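See below for the structure under consideration.
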2 protein chains.
Amino acid sequence: MKSKHIPRATIQRLAVYLQVLEALHGEGVEVISSEALARACEVNPSQIRKDLAYFGEFGVRGVGYYVPNLIDSIKVSLGTDRIWRVALIGVGNLGRSLLRYQGFPKRGFKVVAAFDCDPFKIGEEIAGLEVMCPRRMKENVKDLSIEIGIITTPTDRAQRAANYLVESNIPSILNFSAARIHVPNHVHVEYVDFFHHLYALTFKLNAGEFQGHDSSPN
Amino acid sequence: MKSKHIPRATIQRLAVYLQVLEALHGEGVEVISSEALARACEVNPSQIRKDLAYFGEFGVRGVGYYVPNLIDSIKVSLGTDRIWRVALIGVGNLGRSLLRYQGFPKRGFKVVAAFDCDPFKIGEEIAGLEVMCPRRMKENVKDLSIEIGIITTPTDRAQRAANYLVESNIPSILNFSAARIHVPNHVHVEYVDFFHHLYALTFKLNAGEFQGHDSSPN
DNA sequence: CCGTGTGAAGTTCTTCACAGCC
DNA sequence: GGCTGTGAAGAACTTCACACGG
């Protein structure tokens with residue numbers, strides 16, 4: 001199986017497999033079957049084999065998957081076998097936290113530019129980066145080959161931030177603001193909002209009230 | 001259509017509709033058709049009607065949806081027509097940011113307890129909450145009727161944090177750590193990890209390289 | 001013999017198309 | 001006339017079941 005359309009859910013699961021595999025590798029696990037990995041990830045074993053099959057044949061029949069190999073293969077599949085260069089726009093609380101966050105490099109990302117339109121913030125240095133004016137984004141970013149823009153502005157500034165990123169030819173956007181943003185078709189957008197997950201919980205909790213709380217059937 | 005199984009994707013979309021509707025209401029929009037809302041949310045109009053139909057008949061044929069009504073109906077559907085009480089465990093950078101975050105009340109949540117096992121943090125006051133020892137969680141939480149626990153510990157402490165929450169009879173968990181956690185069946189878990197979204201972007205960017213960057217066909 | 005890789009079957013979710021109602 | 005609500009059709013995703021190969 002090769003180069004068909006790949007479900008979005010597959011990509012999300014690959015990210016989960018990767019995390020779990022790295023934890024297992026840290027514990028010294030060298031080989032794992034789809035069944036064991038499935039238990040750890042709480043998915044169906046066939047699902048794992050199918051997900052991996054989109055990208056190649058990484059396992060050994062009768063044996064399983066060699067963990068370090070599989071980690072590398074998934075990284076290649078997801079495109080995180082290299083460092084992606086990121087710009088951030090919106091240096092509020094969240095923006096600052098992300099700029100200071102240490103975990104980007106080992107996951108394959110590097111923040112190389114920060115923008116905010118507040119004159120009091122422009123020129124400030126955070127985590128080794130000087131905050132710049134977004135009006136000059138295009139020229140400042142030209143030689144940085146930035147592939148991802150992160151929006152951490154307030155809701156009402158998000159669309160303007162997106163416009164700056166698009167004008168600067170940044171081909172993809174991770175949007176932490178609560179606003180829906182509109183961009184040309186060739187620009188990829190992902191939304192991050194943990195309230196969506198909270199709503200998923202409140203919905204399930206509400207539903208559970210009618211069905212009664214029976215305990216785990218094990 | 002009533003009380004069938006409701007797709008998880010529907011819940012996520014309802015959260016999006018809610019955000020967009022609140023923005024529109026702020027702009028003075030009083031009535032909206034599924035088609036107009038669909039454009040704003042970038043989904044199919046039938047999808048919206050179907051999603052809403054799971055919960056009732058909120059529209060008027062020939063007219064559309066009355067925006068304030070629809071906002072209220074979606075809140076009831078998601079269970080955010082009231083305040084949910086939340087406990088947080090893990091007072092690191094992320095935990096502190098969340099404790100200080102002002103946006104919970106208007107989305108229907110209130111953080112009422114904070115825990116960390118670091119003796120230097122226990123007793124510290126953050127945003128009006130005293131950090132407590134998780135070993136005493138069960139007794140401290142008994143009369144707080146907490147329904148959601150948020151895990152913001154480092155990866156290697158996440159399972160222990162989850163155990164404390166489960167022992168304290170907190171029925172649902174929002175996990176910001178990178179660890180998969182294992183809990184009894186009756187406990188609901190949601191995972192928040194923005195790297196999943198970054199991987200979705202790197203995957204699409206990689207895929208695009210082979211197909212070439214053609215511009216928006218509009 | 002065991003676990004992967006994969007067509008086929010099964011299930012779930014989305015979109016269509018139109019009846020029903022304001 | 002216009003837009004919702006919804007059964008039916010269609011598309012997408014997941015699971016099964018077994019052939020294949022180490």
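These numbers were taken from a predicted model, which means no experiment stands behind them. A note on names: the letters A, B, ... follow the listed sequences, proteins ahead of strands, and every chain is numbered from 1.
Distances shown here put every side-chain N or O of B:Ser34 at or beyond 4.0 Å from the OP1 or OP2 atom of D:dC3. Dashed line: the shortest gap from a side-chain N or O of B:His5 to OP1 or OP2 of C:dT11 is not under 4.0 Å. Considering only side-chain N and O atoms, A:Arg13 lies under 4.0 angstrom from the phosphate OP1 or OP2 of D:dT14.
In this structure, A:Ile6 atom CD1 and C:dT6 atom C1' are separated by 16 Å, rounded to whole Å. Rounded to a whole Å, the CG atom of A:Asp51 is 17 Å from the P atom of D:dA12. The nearest whole Å value for the distance from the CZ atom in B:Arg8 to the C1' atom in C:dT14 is 17 Å. Distance B:Glu57 CD to C:dG20 C1': 10 Å, rounded to the nearest Å. Rounded to an integer number of Å, the gap from NZ of A:Lys50 to C1' of C:dT6 is 5 Å. The distance from atom CG of A:Leu52 to atom P of D:dT15 is 15 Å, rounded to the nearest whole Å. As rounded to whole Å, 16 Å separates atom P of C:dG3 from atom CG of A:Leu70. Here C:dC13 presents its P atom at 14 Å from CG of B:Leu14, a figure rounded to the nearest Å.
For B:Asn44, the listed nucleotide lying nearest its side chain is C:dT15; candidates were C:dA17, D:dC13, C:dT15. Among D:dG5, C:dT6, C:dG3, the nucleotide with an atom closest to any side-chain atom of A:Ser33 is C:dG3. Here the nucleotide nearest the side chain of A:Gln47, chosen from C:dT6, D:dG7, D:dT14, is D:dT14.
Counting any heavy atom pair closer than 4.0 Å across all strands shown, A:Ser46 reaches a base atom.
Other residues, nucleotides and ligands place more than 12 heavy atoms under 6.0 Å from the CZ atom of B:Arg85.
Proximity of residues 58-66 of chain B to DNA chain C (heavy atom under 4.0 angstrom from any strand atom) is restricted to B:Val60, B:Arg61.
Annotation: of the two residues near DNA chain D, B:Arg49 and A:Arg49, the 5′-most nearest-nucleotide partner is B:Arg49.
Note on A:Glu22 versus A:Arg107: no salt bridge recorded, every NZ/NE/NH1/NH2 to OD/OE distance being 4.0 Å or above. Checked for salt-bridge contact, B:Glu147 and B:Arg82 meet the test: a charged N lies under 4.0 Å from a carboxylate O.
For A:Arg135 and A:Tyr164, the positive end is not near the middle of the six-membered ring at less than 6.0 Å and at most 45° from its axis.
With ring centers used as reference points, A:Phe176 lies under 6.0 Å from B:Phe194.
Note: A:Phe195 and B:Tyr101 have tilted aromatic rings, judged against thresholds of 30 and 60 degrees for the angle between ring planes.
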Starting from the C-alpha separation in whole Å, work towards a yes-or-no answer on side-chain contact (heavy atoms from CB on, under 4.5 Å) for B:Ile181 and B:Ile151. CA-CA 10 Å; B:Ile181 59 176; B:Ile151 295 177; 4.0 Å; yes
